[in-house]
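Notes for the one structure printed next.
Computed from a predicted structure; not experimentally measured. We number each residue from 1, following the sequence as shown.
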Amino acid sequence: ELSVSPVYDDVEELVGFIGIQRDVTKQKQREWKLEEKVEEIEKLNQKMQKEKAKDEAILYSIGEGLVVTDEEGKVEFVNDGFEDILGKSKQEVIEQHIAEATPVRNEDKEEVNFESEILSQVLEENKEVKSEQDYYFAREDGSIFPVSITVSPIELDGEVIGAVEVFRDTTKIRELDKAKDEFVSL
């Protein structure tokens, strides 16, 4: 870097110039490294945005109902399958506790304590829970239907930070099983 300034005498006549030269190599190298880091961060950000768009497309297109909660069981995300199956809107259930958003019932159609039977195993014990018994959900219109449920923990650095519940309406499967049983008994 070179800086040149005029030098004047007492009567304001130009008598010469004074120059200062400074080596800015290290400063320029730091600037180049910083620019490279900024470009690298921008590329990573673009990559993350693409991954997020893909993940959202996948989550929304899954035919099963999907619910994502925080570590306290409050709903943070539901997919279109959730809305289609239960008839509830996303806005209606976001921030609700999962037990309110998807009340679970047993074979006798009595409400099950979701917190103690399922969610605590996932959030506190870090276990995946798959329904081994018959569970039922209620639609917004009050109709009750059988479901298959899987609830898995979401982990970050070994700590459970939430849960994912995936459920499927098993009405048609049960109807097919019943038809098969009736056919076999003929």
Side-chain angles (χ1 to χ4, degrees), residues 41 44-182:
I41 289 170
L44 286 172
N45 189 31
Q46 287 176 344
K47 184 177 179 181
M48 285 175 45
Q49 292 297 325
K50 285 180 182 178
E51 291 297 321
K52 181 181 178 196
K54 286 179 192 175
D55 290 347
E56 286 178 354
I58 291 167
L59 293 175
Y60 280 114
S61 67
I62 292 173
E64 284 85 12
L66 182 128
V67 183
V68 178
T69 73
D70 64 11
E71 65 275 0
E72 296 173 0
K74 289 191 178 174
V75 176
E76 293 184 332
F77 173 86
V78 297
N79 71 343
D80 292 343
F82 174 95
E83 289 184 305
D84 295 342
I85 295 169
L86 291 176
K88 295 181 180 183
S89 71
K90 292 175 179 72
Q91 296 80 12
E92 189 179 342
V93 296
I94 297 296
E95 292 297 313
Q96 266 189 353
H97 193 276
I98 191 170
E100 294 172 46
T102 59
V104 180
R105 302 180 191 288
N106 62 18
E107 283 182 16
D108 300 324
K109 314 294 191 284
E110 298 167 339
E111 209 163 302
V112 171
N113 187 335
F114 185 82
E115 189 84 41
S116 64
E117 287 196 28
I118 299 171
L119 196 60
S120 64
Q121 292 179 52
V122 175
L123 295 177
E124 295 167 18
E125 300 172 30
N126 195 12
K127 291 182 180 176
E128 179 179 83
V129 177
K130 292 183 181 186
S131 57
E132 295 177 12
Q133 61 186 35
D134 295 330
Y135 284 120
Y136 295 81
F137 279 174
R139 291 187 177 88
E140 193 66 12
D141 65 7
S143 62
I144 295 174
F145 62 98
V147 291
S148 169
I149 305 170
T150 302
V151 186
S152 303
I154 301 171
E155 285 186 72
L156 179 64
D157 298 327
E159 182 182 339
V160 177
I161 60 167
V164 176
E165 175 186 67
V166 178
F167 61 90
R168 174 182 309 151
D169 181 343
T170 59
T171 303
K172 289 184 176 146
I173 294 169
R174 287 173 179 239
E175 288 171 357
L176 284 172
D177 285 345
K178 185 177 176 183
K180 280 192 263 182
D181 290 344
E182 289 173 1

Verify the neighbour count for atom NZ of Lys88: are there more than 12 heavy atoms of other residues, nucleotides or ligands below 6.0 Å?
yes

Go through Arg139 and Asp169 one step at a time and tell me if the side chain to side chain contact (heavy atoms under 4.5 Å, CB included) criterion holds.
CA-CA 11 Å; Arg139 291 187 177 88; Asp169 181 343; 2.7 Å; yes

Run the side chain to side chain contact (heavy atoms under 4.5 Å, CB included) test against Glu71 and tell me which residues pass, sequence neighbours left out.
none

What's the spacing between Tyr136 OH and Ile149 CD1 if we round to 0.5 Å?
11.5 Å

Would you please name every residue forming a side-chain hydrogen bond (donor to acceptor under 3.5 Å, both in side chains) with Arg168, sequence neighbours left out?
Glu64

Residues at least two apart in sequence or cross-chain that pass side-chain hydrogen bond (donor to acceptor under 3.5 Å, both in side chains) with Asp84, listed by chain then number, are none

Sorted by chain and number, sequence neighbours left out, side chain to side chain contact (heavy atoms under 4.5 Å, CB included) with Leu66 holds for Leu59, Ile62, Val68, Phe77, Asn79, Val164, Val166

Distance, nearest 0.5 Å, that separates CD of Glu155 from CG of Asn126:
4.0 Å

Should Glu83 and Ser89 count as side-chain neighbours, where that means a heavy-atom distance under 4.5 Å?
yes

Determine whether more than 12 heavy atoms belonging to other residues, nucleotides or ligands lie under 6.0 Å from atom CD of Glu125.
yes

Taking all non-hydrogen atoms of both residues, which atom of Val122 and which atom of Ala163 are closest, and how far apart?
CG1-CB, 3.8 Å

Closest heavy-atom pair and its distance - Leu86, Ala138:
CD2-O, 3.7 Å

Between CD of Glu111 and CZ of Arg105, what distance do you get to the nearest 0.5 Å?
5.0 Å

Output the distance between atom CG (Asn45) and atom NZ (Lys50), rounded to the nearest 0.5 Å.
11.5 Å

Not counting sequence neighbours, which residues clear side-chain hydrogen bond (donor to acceptor under 3.5 Å, both in side chains) with Glu51? List them please.
none

Is the closest side-chain heavy-atom distance between Met48 and Lys52 below 4.5 Å?
no

Once you round to the nearest 0.5 Å, how far does CG of Leu119 lie from CG of Asn113?
10.0 Å

Between Asn106 and Asp108, is there a donor-acceptor pair closer than 3.5 Å when you use the side chain of the first and the backbone of the second?
yes

Is the shortest side-chain heavy-atom distance between Gln96 and Val78 below 4.5 Å?
no

Heavy-atom pair of closest approach, residues Glu76 and Asp70:
OE2-CB, 3.2 Å

Before you tell me yes or no, could you show the steps for Lys90 and Asp80 under side chain to side chain contact (heavy atoms under 4.5 Å, CB included), namely the whole-Å CA-CA distance, both residues' side-chain angles and the distance that decides it to 0.1 Å?
CA-CA 8 Å; Lys90 292 175 179 72; Asp80 292 343; 2.7 Å; yes

All pairs passing ring pair (Phe, Tyr, Trp, His ring centres under 6.0 Å) where residues 137-166 contributes a residue, at least two apart:
Phe137-Phe167

OG1 of Thr150 to CD1 of Ile118, rounded to nearest 0.5 Å, is 10.0 Å

